Amino acid sequence: MGRGRAKAKQTKVARELKYHSPNTDLTALQRELAGAGKSEHNFDDDYKEYVDDDDEDHADDDPDTWVRPTR
């Protein structure tokens, strides 16, 4: 019990948000969107040391040592 008050409050808040939206500062929104250009940071450089550009397998790589058991 006690769910009725919580649900009524949630319904009230949801209704206020749906029908009574706050005033939007459109100039601030325009500034924010205009400033959301391309980032100057290159994220690929952060992981460059972990990237293996060579697609070929090397002979010195560890082979798969797991062998399926025979019956």
Side-chain angles (χ1 to χ4, degrees):
M1 296 195 62
R3 171 89 171 107
R5 284 188 183 177
K7 185 174 182 193
K9 182 165 183 161
Q10 289 175 349
T11 303
K12 179 182 175 186
V13 170
R15 191 173 291 125
E16 286 178 11
L17 289 172
K18 182 176 181 181
Y19 295 113
H20 305 289
S21 62
N23 293 334
T24 304
D25 186 3
L26 296 177
T27 56
L29 178 62
Q30 184 179 12
R31 281 193 311 265
E32 183 178 342
L33 292 175
K38 185 179 177 186
S39 174
E40 304 234 354
H41 186 75
N42 190 355
F43 293 102
D44 292 336
D45 290 341
D46 293 343
Y47 299 99
K48 188 174 255 181
E49 63 185 276
Y50 302 107
V51 174
D52 182 17
D53 291 333
D54 190 9
D55 291 337
E56 299 176 16
D57 289 335
H58 296 287
D60 59 342
D61 286 346
D62 292 334
D64 188 11
T65 58
W66 186 82
V67 178
R68 174 176 267 166
T70 57
R71 293 186 179 191

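The shown structure was predicted, so the numbers you read here are calculated from the model rather than taken from an experiment. Throughout, residue positions are numbered sequentially from 1 according to the sequence presented.
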Which residues satisfy the side chain to side chain contact (heavy atoms under 4.5 Å, CB included) test with Lys7, sequence neighbours excluded? Arg3, Thr11
Please say whether more than 12 non-hydrogen atoms of neighbouring residues, nucleotides or ligands are located less than 6.0 Å from CD in Gln30. no
How would you list, by chain and number, every residue that makes a side chain to side chain contact (heavy atoms under 4.5 Å, CB included) with Asp25, sequence neighbours excluded? Thr27, Ala28
Who pairs with Arg5 by side chain to side chain contact (heavy atoms under 4.5 Å, CB included), at least two apart in sequence or on another chain? none
Co-members of Val13 in a cluster of I, L, V, M, F, W and Y side chains, linked at under 4.5 Å: Leu17
